[in-house]
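Counting starts at 1 for both ligands and their atoms, following the listed order. Only this structure's heavy atoms are used, side chains among them; waters, hydrogens and symmetry mates stay out.
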Amino acid sequence: MIAIGSDHGGFELKEAVKKHLETRDLEYKDFGTYSPASCDYPVYGRAVAKAVASGDCDRGIIICGTGIGISITANKVKGIRAALCSDCFSAQATREHNDANILALGARVLGEGLALKIVDTFLDTPFSGDERHKRRISMIEE
Ligand code: RB5
């Protein structure tokens with residue numbers, strides 16, 4: 001189950017990502033926002049992060065205008081490794097090296113086509129499982 005959330009800046013892209021997940025038969029839970037009306041990104045970043053940290057959802061996708069505010073928020077939740085990605089190389093590397101559990105996107109930064117490719121790359125890339133990466137990830141929480 002994928003947790004998804006955005007503020008108003010990411011609302012339109014969130015709807016496009018949801019449609020894309022449906023075409024891939026991937027289940028998601030939408031934590032809002034549910035309209036383009038102005039709202040506060042920490043509310044949605046935290047809701048998605050808590051769903052992933054608790055194990056209710058396996059992965060998360062969070063979107064705001066830049067992806068910055070919402071990723072900063074998500075990374076305050078213990079156990080969350082949220083990666084703000086604007087390219088497929090980073091999306092692949094953060095899964096392989098950081099075992100990132102949340103993808104953050106900037107809707108005012110990316111076109112929809114690239115954003116959906118980044119989503120696919122993030123969801124389809126497994127963690128490498130290499131000892132050095134496991135060690136470094138465990139050091140993050142120390
Ligand atoms: C909202 O205008 C904007 O500040 C927000 O979407 C995001 O970019 C914050 O980091």
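A salt bridge links E131 to K134: one of the charged nitrogens lies within less than 4.0 Å of a carboxylate oxygen.
When I63, L116, L105 are each tested for a side chain to side chain contact (heavy atoms under 4.5 Å, CB included) with L110, only one passes: L105.
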Yes or no on salt bridge (Lys or Arg N to Asp or Glu O under 4.0 Å) for K14 and D7, after CA distance, side-chain angles and deciding distance?
CA-CA 9 Å; K14 174 166 68 67; D7 71 353; over 6 Å; no

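Cation-pi contact between R59 and F122: present, with separation from the ring centre below 6.0 Å and deviation from the ring axis of at most 45°.
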Note down each nitrogen or oxygen pair, ligand 1 side and protein side, whose separation is under 3.5 Å; give only atom names and the distance to 0.1 Å.
unit_1, atom_1, unit_2, atom_2, d
ligand 1, 2 (O), R108, NH1, 3.3
ligand 1, 6 (O), D7, OD2, 2.6
ligand 1, 6 (O), G65, N, 2.7
ligand 1, 8 (O), G65, N, 3.4
ligand 1, 8 (O), T66, N, 2.9
ligand 1, 8 (O), T66, OG1, 3.1
ligand 1, 10 (O), T66, OG1, 3.2
ligand 1, 10 (O), G69, N, 2.9

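Side-chain contact of D120 with H20: a donor-acceptor pair under 3.5 Å is present, judged by distance alone.
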Side chains of residues 41-49: which donor-acceptor partners sit under 3.5 Å, not counting sequence neighbours?
none

